[in-house]
Amino acid sequence: MRLRILRHATAAALAFAIGTVTAAPKIGELAPTFSATSSLGNTIRLADYAGKLVVMEWTNDGCPFVQKHYQGNMQGLQRTATEKGVIWLSVISSAPGKQGHVTGAQAEALTAQRGAAPTAVLLDESGAIGRLYGAQTTPHMFIIDQKGMLIYAGGIDSVASADVADIAKARPHVQIALEEALADKPISLSLTKPYGCSVKY
């Protein structure tokens, strides 16, 4: 009898836990709000950027797919976007002890070393923001419009490889979506499959 009660309690707890997991946001819905600590120690809130386009890029410097894009095109994409007033948030959701976990100082050193140009680097070692957005891979890319709506989610481009040479062959999903958003046009491809290393929650 005691074992049966324990099984029921465990099942109930599991059902409760599953029921309380926040579903990933959908295209055309409001992006989940959050606050996070940046690599500089500042508190960053999504609400701070109301009225602006926001890119969220999940990253892990130890991932070969991230290394591919930081050897080929990520910095240029960041720079082009931010020069046009886009907010670019690089998010590190690697847990302590997992690949890609860094301190604020280490994140700043990486930004300088790679010549990266995000608006801010967010340290999400609890994985709360990653889970809120359903971030699966590094990189996994999201774009939020000026009204706070999610308008793009998925891969940075269309070729799922870690080979720098494949960048030129790929459809640059994020670049095209940003150009369309900045021109106030509908996003022609708003949901794609992300690829890369799994986020190290």
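The figures here come from the full heavy-atom set of this structure, side chains too, leaving out hydrogens, waters and symmetry mates. By convention here, the first residue in the shown sequence is residue 1.
- K52 pairs by the side-chain hydrogen bond (donor to acceptor under 3.5 Å, both in side chains) definition with nothing, not counting sequence neighbours.
- Between the side chain of D124 and the main chain of G130, a donor-acceptor pair closer than 3.5 Å is present.
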List the atom pairs, with distances to 0.1 Å, where a side-chain N or O of residues 112-122 and a protein N or O form a donor-acceptor pair under 3.5 Å, not counting sequence neighbours.
from : atom 1 : to  : atom 2 : distance (Å)
T119 : OG1    : W88 : N      : 2.9

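- Connection of I87 to M141 is not established within any shared hydrophobic cluster, with ILVMFWY side chains joined at heavy-atom distances below 4.5 Å, either directly or through further cluster members.
- Of all non-hydrogen atoms in P139 and H69, the two that sit nearest each other are CG-CD2, 4.3 Å.
- When the ring-ring contact (aromatic ring centres under 6.0 Å, His included) test is applied to Y195, the partners found at least two apart in sequence or on another chain are F65.
- Every residue meeting the ring-ring contact (aromatic ring centres under 6.0 Å, His included) condition with H140, not counting sequence neighbours, appears here in chain and number order: F142.
- Every residue two or more places apart in sequence or in another chain that forms a side chain to side chain contact (heavy atoms under 4.5 Å, CB included) with E179 is listed here: Q175.
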Practice item. I would like to know whether V86 and V55 meet side chain to side chain contact (heavy atoms under 4.5 Å, CB included); could you show each step before the answer? Key: CA-CA 7 Å; V86 175; V55 174; 3.8 Å; yes

Practice item. Could you walk me through whether I143 and V54 pass side chain to side chain contact (heavy atoms under 4.5 Å, CB included), step by step? Key: CA-CA 6 Å; I143 302 176; V54 177; over 6 Å; no

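- A search for side-chain hydrogen bond (donor to acceptor under 3.5 Å, both in side chains) contacts involving S188 returns R171, E180, not counting sequence neighbours.
- Each side chain to side chain donor-acceptor pair (under 3.5 Å) pair with one or both residues in residues 29-51, not counting sequence neighbours, appears once here: S39-E108.
- One hydrophobic cluster, built from ILVMFWY side chains closer than 4.5 Å, holds both M56 and I27.
- L110 and I92 fall within a single hydrophobic cluster, where Ile, Leu, Val, Met, Phe, Trp and Tyr are joined by side-chain heavy atoms under 4.5 Å apart, directly or via other members.
- Listed by first then second residue, pairs satisfying side chain to side chain donor-acceptor pair (under 3.5 Å) with a partner in residues 143-153 read Y152-T192, not counting sequence neighbours.
- Neither I187 nor Y133 shares a network with the other; the hydrophobic side chains, linked directly or stepwise wherever heavy atoms of I, L, V, M, F, W or Y lie under 4.5 Å apart, form separate groups for each.
- Applying the salt bridge (charged side-chain N to carboxylate O under 4.0 Å, His left out) definition to pairs two or more places apart or across chains, none involves residues 67-91.
- For the pair M74/I156, a side-chain contact is recorded, criterion being any heavy-atom separation below 4.5 Å from C-beta on.
- Heavy-atom minimum distance, D61 versus G100: OD1-CA, 3.8 Å.
- Of all heavy-atom pairs between P194 and Q136, the closest is CG-OE1, 4.1 Å.
- For K98 (side chain) and Y201 (main-chain N/O), a donor-acceptor pair under 3.5 Å exists by modelled atom type.
- Between the side chain of Q99 and the backbone N or O of S94, no donor-acceptor pair lies under 3.5 Å.
- N60 CG to S198 OG: the interatomic distance, rounded to the nearest 0.5 Å, is 8.5 Å.
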Review point. So I144 and L46, side chain to side chain contact (heavy atoms under 4.5 Å, CB included) or not? Walk me through it.
Key: CA-CA 10 Å; I144 301 163; L46 182 60; 4.0 Å; yes

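- For the pair E57 (side chain) and V91 (backbone), a donor-acceptor distance under 3.5 Å is absent.
- Every pair passing salt bridge (charged side-chain N to carboxylate O under 4.0 Å, His left out) that includes a residue from residues 161-170 is listed here, sequence neighbours excluded: D166-K169.
- The side-chain hydrogen bond (donor to acceptor under 3.5 Å, both in side chains) search around Q71 returns none, not counting sequence neighbours.
- Tracing side-chain contacts under 4.5 Å through hydrophobic residues (I, L, V, M, F, W, Y), one reaches I151 starting from L182; they form part of the same cluster.
- When side chains are defined from C-beta on, F34 counts as touching L132, because their heavy atoms get closer than 4.5 Å.
- Contact between G155 and V174 at its shortest, heavy atoms only, is O-CG2, 3.8 Å.
- Taken from CG in L30 to CG in L150, the straight-line distance is 10.0 Å, to the nearest 0.5 Å.
- Applying the side-chain hydrogen bond (donor to acceptor under 3.5 Å, both in side chains) test to E125 and every residue at least two apart in sequence or in another chain returns H101.
- Taking each heavy atom of I129 and A36 in turn, the nearest pair found is CD1-CB, 3.4 Å.
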Practice item. Any chance you could lay out the side chain to side chain contact (heavy atoms under 4.5 Å, CB included) test for S93 and R131, step after step, and finish with the verdict? Key: CA-CA 9 Å; S93 292; R131 292 186 178 94; over 6 Å; no

